[in-house]
Amino acid sequence: MALRIVPEGGWPPIPQKSARPVPSRKPPRERGRQEDAGHLDLMRDLPCLASGALPTLRRRNEAAHIRYSSAAFGKVNPGGGAKPDDRWTVPLSPEKHQGNKDAQHSNGEEWWWEAIGINPLRVADQLYAVSTALRLGRAPREDIVRALTNIVIKARAEARPGG
């Protein structure tokens with residue numbers, strides 16, 4: 001038979017479980033998707049980067065997320081059908097975004113942008129930097145849209161279709 005050891009003064013009482021269990025917390029994600037609704041709203045009021053189509057009262061343009069990766073911009077494809085951060089968006093008309101067989105999401109995205117001759121990551125990076133700075137500076141919405149529109153117009157003017 002084994003020897004039983006009892007501490008001096010006896011064992012401490014066993015704590016009773018409370019009626020309500022302590023809620024378990026999920027550990028915070030290391031880095032989730034960065035969302036910015038204000039930036040997306042501004043993207044919808046800009047001309048289409050691919051065609052130049054202007055938004056109308058009946059149909060705004062769409063904030064198109066750029067999905068492919070680029071080491072030059074430090075952008076990683078989130079994979080698994082997940083959207084990338086909202087900073088990686090450009091304005092596209094519904095037709096150019098996902099409306100037909102010639103749309104961004106109907107073809108190989110990187111190839112599609114190369115055929116248009118625009119680097120969407122460079123444009124998205126510029127749009128986000130200006131959008132963020134002007135919103136933090138509390139600039140009027142019209143001034144922000146004007147500044148962002150100029151970035152889109154310049155990118156379209158510098159486009160070199162086919163690479």
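In this text, all values refer to a predicted model and were calculated from it rather than measured experimentally.
With sequence neighbours left out, R135 forms a salt bridge (charged side-chain N to carboxylate O under 4.0 Å, His left out) with D36. Applying the salt bridge (charged side-chain N to carboxylate O under 4.0 Å, His left out) rule to E35 yields the partners R33; only residues at least two apart in sequence or on another chain are considered. Under the side chain to side chain donor-acceptor pair (under 3.5 Å) criterion, D41 pairs with R60, R141, not counting sequence neighbours. Taking A63 as the reference, L40, M43, T89 meet the side chain to side chain contact (heavy atoms under 4.5 Å, CB included) condition, with sequence neighbours excluded. Not counting sequence neighbours, the partners of P55 by the side chain to side chain contact (heavy atoms under 4.5 Å, CB included) test are N61. Residues satisfying the side chain to side chain contact (heavy atoms under 4.5 Å, CB included) criterion with A133, sequence neighbours excluded, are absent altogether.
For S93 against A53, the heavy-atom pair with the smallest separation is CB-CB, 4.3 Å. In terms of heavy-atom proximity, L92 sits nearest to A64 at CD1-CB, 3.5 Å. The minimum heavy-atom distance linking P94 with E62 is given by the pair CB-OE2, 3.5 Å. When all heavy atoms are compared, the tightest approach of C48 to V152 is O-CG1, 4.3 Å.
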Exercise for review: For W113 and V90, run side chain to side chain contact (heavy atoms under 4.5 Å, CB included): C-alpha distance rounded to whole Å, both residues' side-chain angles, the deciding distance at 0.1 Å, then the answer.
Suggested key: CA-CA 12 Å; W113 284 108; V90 293; 3.8 Å; yes

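Side-chain contact, H65 with D85: no donor N or O sits under 3.5 Å from an acceptor N or O.
Legend: side chain to side chain donor-acceptor pair (under 3.5 Å) pairs involving residues 146-155, not counting sequence neighbours, sorted by first then second residue: D143-R146.
Counting heavy atoms from C-beta outward, Q34 and D86 have side chains that stay 4.5 Å or more apart. The side-chain heavy atoms of I66 and E109, taken from C-beta on, include a pair separated by under 4.5 Å.
Linking ILVMFWY side-chain heavy atoms closer than 4.5 Å, directly or via other members, places I153 and L46 in two distinct hydrophobic clusters. The same ILVMFWY cluster, assembled from side-chain heavy atoms under 4.5 Å apart, contains both I116 and W111. L42 and I151 end up in the same hydrophobic cluster when Ile, Leu, Val, Met, Phe, Trp and Tyr side chains are linked at under 4.5 Å.
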Would you mind writing out the side-chain donor-acceptor pairs for residues 117-127 within the sub-3.5 Å range, not counting sequence neighbours?
residue: N119; atom: OD1; partner: L121; partner atom: N; Å: 3.0
residue: N119; atom: OD1; partner: R122; partner atom: N; Å: 3.2
residue: D125; atom: OD1; partner: R87; partner atom: NH2; Å: 2.6

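The backbone N or O of P91 sits nowhere less than 3.5 Å from a side-chain atom of R44 that would complete a donor-acceptor pair.
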